[in-house]
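When a residue number appears, it is its place in the shown sequence, counting from 1.
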Amino acid sequence: MGKQKKARKYAVMKRMISLRDERIKEKDRAKAPVKKKEDPSAIKEREVPQHPSCLFFQYNTQLGPPYHILVDTNFINFSIKAKLDLVQSMMDCLYAKCIPCITDCVMGEIEKLGQKYRVALRIAKDPRFERLPCMHKGTYADDCLVQRVTQHKCYIVATVDKELKRRIRKIPGVPIMYISRHRYNIERMPDDYGAPRF
């Protein structure tokens, strides 16, 4: 006679005793939750997210020339590959004065990339770029940009990163600048929001 095959049991867990079980000592046993009677005359509070006052429906009133553009690490790299002058191409795209802004964590990311991206670092240190200090720990720029854009709706985010674009699209009133066909394009500018047109 051969060995009998046993079927393996998957996802078998040890059974745990409930804290209200009779076998547990009285002092270790969980107390039954005491229900408080609701006062019908009490004011009911509920937390409602505060919407920024700068949004007129979906129209962002804080956006206007000169445009402040938050630049991401990969946006600078792709601009170099596409042979585009950063500031001039932004002005050509928006037909207005643009002030590129770069955060400390984006600067840190470019510095970490090393010698291969020295041109991107030299562009980022351009005096036309406005430097924004960061108070958080670490140099993960995506979280920093999303947080900054959520707090202040006066920025346009320049990025090529799909994941960052997806996160920013969820925030109302924030336009995205990206590169396609060797030129800068803008997604969701104030005219697209459905503001009254005359």
Side-chain angles (χ1 to χ4, degrees), residues 47-87 89-96 98-114 116-117 119-121 123-124 129-195:
E47 196 173 310
V48 179
Q50 187 70 37
H51 291 289
S53 59
C54 66
L55 292 182
F56 174 71
F57 296 114
Q58 287 265 299
Y59 183 83
N60 189 353
T61 55
Q62 279 187 353
L63 276 174
Y67 293 108
H68 292 269
I69 301 168
L70 276 176
V71 182
D72 192 21
T73 312
N74 53 24
F75 190 79
I76 297 171
N77 295 334
F78 275 82
S79 295
I80 294 165
K81 284 181 185 175
K83 296 180 181 174
L84 294 167
D85 178 27
L86 217 72
V87 180
S89 299
M90 285 177 180
M91 288 184 188
D92 292 345
C93 177
L94 294 169
Y95 301 115
C98 298
I99 302 166
C101 304
I102 193 157
T103 59
D104 287 344
C105 48
V106 170
M107 211 54 173
E109 271 188 3
I110 296 169
E111 286 168 359
K112 280 182 182 178
L113 290 171
K116 193 176 177 185
Y117 295 93
V119 179
L121 185 62
I123 289 170
F129 278 59
E130 189 180 311
R131 190 75 180 268
L132 301 172
C134 293
M135 298 300 169
H136 60 84
K137 291 180 181 177
T139 58
Y140 187 60
D142 289 11
D143 288 343
C144 174
L145 294 176
V146 169
Q147 180 195 5
R148 198 175 286 270
V149 161
T150 309
Q151 287 174 348
H152 313 286
K153 296 273 192 277
C154 61
Y155 295 111
I156 297 170
V157 180
T159 185
V160 189
D161 186 14
K162 286 182 181 176
E163 186 64 29
L164 182 59
K165 275 189 194 176
R166 187 185 60 78
R167 286 174 70 181
I168 289 169
R169 278 188 196 117
K170 291 178 182 174
I171 306 165
V174 181
I176 300 168
M177 186 180 276
Y178 61 96
I179 302 169
S180 71
R181 296 182 187 158
H182 294 281
R183 56 189 287 249
Y184 290 175
N185 296 305
I186 195 96
E187 183 181 302
R188 292 198 319 179
M189 263 312 273
D191 297 354
D192 305 338
Y193 289 128

How many angstroms lie between [atom1] in [X] and [atom2] in [Y], if you round to the nearest 0.5 Å?
{"X": "L145", "Y": "L164", "atom1": "CG", "atom2": "CG", "value": "6.0 Å"}
{"X": "Q147", "Y": "D142", "atom1": "CD", "atom2": "CG", "value": "13.0 Å"}
{"X": "M135", "Y": "D104", "atom1": "CE", "atom2": "CG", "value": "8.5 Å"}

Please give me the minimum heavy-atom distance between [X] and [Y], naming the atom from each residue.
{"X": "T159", "Y": "D161", "answer": "OG1-N, 3.1 Å"}
{"X": "I176", "Y": "R169", "answer": "CD1-CG, 3.8 Å"}
{"X": "C98", "Y": "L94", "answer": "SG-CD1, 3.6 Å"}
{"X": "Y155", "Y": "V149", "answer": "CB-CG2, 4.4 Å"}
{"X": "D72", "Y": "A141", "answer": "OD1-CB, 4.4 Å"}
{"X": "A96", "Y": "Y67", "answer": "CB-CE1, 3.7 Å"}

Problem set entry | Residues V106, V71; criterion side chain to side chain contact (heavy atoms under 4.5 Å, CB included); working and verdict | CA-CA 8 Å; V106 170; V71 182; 5.9 Å; no
For this session: Output all residues satisfying side-chain hydrogen bond (donor to acceptor under 3.5 Å, both in side chains) with K170, sequence neighbours left out; order by chain, then residue number.
Result: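 K170 satisfies side-chain hydrogen bond (donor to acceptor under 3.5 Å, both in side chains) with no other residue.
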For this session: Kindly write out the residues that satisfy side-chain hydrogen bond (donor to acceptor under 3.5 Å, both in side chains) with E163, not counting sequence neighbours, or none if the list is empty.
Result: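 With neighbours one apart ignored, the set is R166.
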Can you name the residues that form a side-chain contact (heavy atoms from CB on, under 4.5 Å) with [X], not counting sequence neighbours?
{"X": "C93", "result": "M177, Y184, I186"}
{"X": "F78", "result": "N74, V160, I179"}
{"X": "H136", "result": "C105, C134, C144"}
{"X": "Y178", "result": "K165, S180, N185, E187"}

Exercise. Taking the side chain from T103 and the backbone from L132, do they hold a donor-acceptor pair closer than 3.5 Å?
Worked result: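 Side chain of T103 to backbone of L132, a donor-acceptor pair under 3.5 Å: no, none is there.
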Exercise. Between N60 and G173, is there a donor-acceptor pair closer than 3.5 Å when you use the side chain of the first and the backbone of the second?
Worked result: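 Present.
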Problem set entry | CZ/R131: more than 12 non-hydrogen atoms of other groups inside 6.0 Å |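 Correct, the count exceeds 12.
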Problem set entry | Close side-chain approach of K153 and L63, heavy atoms under 4.5 Å |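 Of all side-chain heavy-atom pairs linking L63 with K153, none is under 4.5 Å.
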For this session: Determine whether Y117 and T73 make a side-chain contact, defined as any pair of heavy atoms from C-beta on separated by less than 4.5 Å.
Result: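 SC-SC contact between Y117 and T73 ruled out.
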Exercise. Looking at V157, D143, L70, which hits side-chain contact (heavy atoms from CB on, under 4.5 Å) with R148?
Worked result: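 For R148, the side-chain contact (heavy atoms from CB on, under 4.5 Å) test succeeds with only one of V157, D143, L70, which is L70.
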